[in-house]
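Only one structure is covered here, and it is reproduced in the block below.
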Amino acid sequence: MKRLILLVGLFALGILAWAQPGMEYVVSTETTLAAVAQDVLGNPDFAPAIMRATNAKSLVDPSFLKISSLDMAIPAGAKLWIPDRTWAEAFMAFWDPNRPEDLFGGGKLVVGSWWTAGGEAEGLNALFKIYGEYFPDVQIVNATIAGGAGFVFRAVIKPRLIAGNPPDTFQLHAGLEVEGYSPETYLTPLDKLYEIEGWDKVLPKDLLDLLVYKGHYWGVPVNIHRANVLWYDKEIFEKYGLTPPKNWDEFFAICGKLKAEGVVPFVMGNAGGWEAAHLFETILVSTLGAEGYKGLWTGETPWTSEGVTKALEILKKILDYVNPDYAALSWDGAGEYLIAHKGAMMIMGDWTNGWFMSKGYEGYGWAPVPGTQGIFDALSDTFCLPKLAPHPINALGWLEVCGSKEGQIAFNTRKGSIPARTDLTPEEKAQFNPYLQSCMEDFARDAIVPSVIHGAAAIESWVTDFKDAVNLFLATKDVAGTQRALVEAAEAALAAMGK
Ligand code: GAL
């Protein structure tokens with residue numbers, strides 16, 4: 001029961017119009033909350049749940065009584081909101097009597113994420129805005145730790161979880177990343193929330209499968225991102241009469257031509273230490289295909305495969321055409337090359353689309369990474385609920401906003417990702433930019449494969465080994481040695497996973 005939710009406040013607020021698990025109740029003679037709780041729910045201990053639900057309702061409808069204390073005399077004629085009994089139980093499982101502010105919808109909501117870049121920050125703020133409309137008395141604390149893909153964030157958040165000092169909710173990739181947080185010890189399973197919200201009916205099957213770890217849901221997804229996108233500057237492509245490359249031969253032909261013209265053919269940043277590994281992941285998808293790539297992470301595709309060798313050779317060749325300052329730039333720093341029309345192509349996830357929007361840059365085109373047509377290298381950002389969240393009631397409201405249609409439209413139109421929910425109407429889809437509309441179509445049609453660098457495909461230790469091997473390769477360019485390191489990393493990880 002601990003795992004359940006407040007919901008009461010949110011449902012009472014009508015954030016999800018189809019669910020109203022409660023009822024209006026008008027007091028006939030002066031009484032107390034405990035007496036009403038006894039009368040209506042059969043248990044006087046549910047008084048705090050009625051107080052919280054009624055106060056939440058009164059935020060948007062002042063005809064409901066605003067209740068200032070649990071002992072307050074409730075006058076005749078006062079209108080209360082009585083939550084459904086199951087929900088009242090859920091609330092009581094979370095409510096801490098030492099935190100009376102929860103009954104007013106006050107206190108704080110500490111949200112942990114690594115969303116500080118353009119597009120990322122705008123998306124997050126859009127979610128905050130909606131949350132603030134429903135819970136105006138809650139003070140939102142935006143606890144970001146900068147660093148793309150969350151490698152820095154995870155290193156900071158993990159010791160905090162273990163020390164019992166987590167934020168109320170934090171960003172977590174869907175997939176095996178959750179293993180790194182020992183969720184059974186530190187996180188709250190969200191199965192009941194999924195059940196009540198009916199999220200299993202509005203989220204795609206591939207994503208639902210990815211969200212389950214050890215039999216439970218641990219995060220609420222806000223989006224789906226695509227990793228295997230080639231972005232290009234249209235001005236440069238037009239100037240030199242180029243079309244987006246469909247395979248690596250075409251890609252290198254373009255690179256050769258542009259290099260001769262003094263344009264940087266391909267840009268990347270690797271200051272975060274993950275960007276080159278992101279690129280390599282997408283090359284593996286191209287050389288192995290959807291099934292072959294997926295098999296790398298389950299033990300079905302040997303890492304000694306020719307496709308892995310080929311992928312390393314492609315990466316090695318790309319390094320001949322890359323901006324010389326790549327080690328010093330982050331992914332968005334590298335994107336500046338495109339905006340300035342100084343660099344032609346870049347391979348990065350579609351948060352780049354959000355970032356371009358935030359920079360007001362519209363001159364970009366996109367295509368699947370060469371050789372990955374029909375394959376969607378996917379990842380999803382979710383928010384979780386730590387067991388020791390200091391304001392769990394407020395966090396539950398946050399998860400509701402994240403899972404809601406309203407939240408996902410506001411967030412994703414800015415973030416550059418598509419909603420995780422599949423129940424958008426054509427009018428709602430029309431609010432998304434052309435890239436995102438094409439992305440929605442691709443997601444519905446393509447073969448979906450899990451991203452490794454963004455937490456979906458592999459346990460954390462494997463992601464780290466994979467990333468380290470690629471980073472070393474940038475210096476050594478040793479194909480055979482790197483492939484051996486990748487084979488060893490896979491053996492160690494598969495053994496740890498009992499495979
Ligand atoms: C990914 C994350 C995206 C985006 C990107 C760059 O791991 O899922 O939402 O923020 O990192 O920071």
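All ligand and atom numbering here is 1-based and tracks the order in the structure.
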Indicate, with yes or no, if the rings of [X] and [Y] have centres closer together than 6.0 Å.
{"X": "F170", "Y": "W218", "answer": "no"}
{"X": "F237", "Y": "Y364", "answer": "no"}
{"X": "W297", "Y": "W462", "answer": "yes"}
{"X": "Y321", "Y": "F266", "answer": "no"}

task = Look at K294 together with E300 and state whether they make a salt bridge at an N to O cut-off of under 4.0 Å.
result =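 Salt bridge flag = no for E300 with K294.
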task = Heavy-atom cut-off of under 4.0 Å around ligand 1: list whichever protein residues fall inside it, by chain and number.
result = W114, W115, E120, G148, A149, H173, H225, W331, W351, L379, D381, K415, H454
message = Is the ring pair H454/H173 parallel, tilted or perpendicular, if the boundaries are 30 and 60 degrees?
response = perpendicular
